[in-house]
Number of protein chains: 2
Amino acid sequence: MKSEHKALMKARKRNIRLTVAYDGTAYHGFQRQTPPVVAVQNVLEEKLAIVFGDNIELAASGRTDAGVHAHGQVVNFFTDGTIPVDRVCRAMNSILPEDIVVTEAAEADRDFSALHSAKRKTYIYRILTGEVPCPFERNTAWYIRRKMDIDAMKSVLSQLIGTHDYSAFRAAGGAPMSPVRTMDIADIEQEGRIIRMTFRADGFLYHMVRNIVGTVVDVGLGVKTPEQFGEILASLDRQRASATAPACGLYLECVEY
Amino acid sequence: MKSEHKALMKARKRNIRLTVAYDGTAYHGFQRQTPPVVAVQNVLEEKLAIVFGDNIELAASGRTDAGVHAHGQVVNFFTDGTIPVDRVCRAMNSILPEDIVVTEAAEADRDFSALHSAKRKTYIYRILTGEVPCPFERNTAWYIRRKMDIDAMKSVLSQLIGTHDYSAFRAAGGAPMSPVRTMDIADIEQEGRIIRMTFRADGFLYHMVRNIVGTVVDVGLGVKTPEQFGEILASLDRQRASATAPACGLYLECVEY
């Protein structure tokens, strides 16, 4: 049944690719949930059905958890709807809630899959520092009052670059897949009160970025040493890494195909 | 009665000055409202009463309207509470909702009044431009899709500098006061997709910044000419200015004493 349904969907004329930005604060993650629980996917599919006059089932580059944001989530879906692709952004944004925005729409090749064709993903993690929090960053950054050693954090981030088994930073509950990934960017920069970490890899394990950030922050605070960080990575043991960093600081920045 | 009450308040030992930042989205403006309507002042006074163990009536540098934000609102109040001033920020921020933050607290001279001692105020107005809106700016900037002529906007803003009767930009409903003010900064700058206007004056009339911004934007869009802008300012006639810009783009940036 499932493969028949998939074939039916693929028999449709067009494969549409969208880039979507969202403030994840109000949603139970990206992946479709059973109402009354609302995920970003529920809202997108409901509005796409209106714009395309077609029931829509989209595939995304991956899930994001409750409270996690996106600047550049990518999705695709098959449709017989006839709306020209250059009108899709405005049509969608006029009916979407303001915390979800379609930023790009394009016709894709028939074999393009937002999930399976993804080559690299970039995540950003934002931390707000300083004596007092900021009312405008309450849902969009992790507030840490204590001073952190940015140089120490930078040095341990560089240990992540390359091809590694990241099991030490993998949470239980993700899809079963190889824990080996290749990361080519793991960097940190500070601008004013905001510390911004950037991670780019060919894929990420469940909670991997947030578990890395939690552990890197512990190095910045002096709770863990840079040497311990290397030992944790090598141990492949999730029990040794620090607590998962809050969802509100995490952004799926972009997906490359 | 009122002056007796005021004398009673002033008989208290300490005059405390606070700087407060807030995201105004969820509030019916700054000024105290009758519950269940909630203004920023209601929340501040309720939490100050807990921290100072005293009923608190604060005075602010001025009101802000529903949906308007502040980085540097200033308030003061008299109290017999004994908490050391250097503990006030953390004590307040630990019990305030996250959209209101006390950023500074200080002992003030007995004759300091956040309202009457104010010498100059700075307001910022933020506009988001570009083909599509941004989910993270939905409550914090006015989104305008059409291209604007920033140079034209800059030139008409400069017409506002100096001492003028700003009646053309004054809304009905404010406190009765002279419409003459002295403005020394009226500028615009663009950084990425954000256009930022800055206004500094010895005081502002009711809705003055938002009415100015609405009219300046019409110049940027070519709906009004720079010459018409000058005529509107000189006319003293509110009917000739453009519609009031949305509250969500406006920030009380700081107050100088």
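Values below: every heavy atom of this structure, side chains too, minus hydrogens, waters and symmetry copies. Note that this is a predicted model, so its numbers are computed, not measured. Chain identifiers are assigned alphabetically (A, B, ...) following the order of the sequence lines, protein sequences preceding nucleic acid strands; residue numbering begins at 1 within each chain.
Within 6.0 Å of CZ in B:Arg145 there are more than 12 heavy atoms belonging to other residues, nucleotides or ligands. Atom CZ of B:Arg146 has 12 or fewer heavy atoms from other residues, nucleotides or ligands within 6.0 Å.
If you measure heavy-atom distances from B:Thr140 to chain A, the contacts under 4.5 Å come from the side chain alone. In this structure, chain A has a heavy atom under 4.5 Å from the side chain of B:Asn93, while its backbone stays farther away.
For the set A:Cys134, A:Pro133, A:Pro135, A:Gly130, the count of heavy-atom pairs under 4.5 angstrom toward chain B peaks at A:Pro135. For the options A:Val102, A:Ile100, A:Asp23, heavy-atom pairs under 4.5 Å to chain B are most numerous at A:Asp23. With chain A as partner, the option from B:His71, B:His69, B:Arg90, B:Glu131 having the largest number of non-hydrogen pairs under 4.5 angstrom is B:Arg90.
Atom OG1 in B:Thr25 sits 7.5 Å away from atom CZ in A:Phe136 (nearest 0.5 Å).
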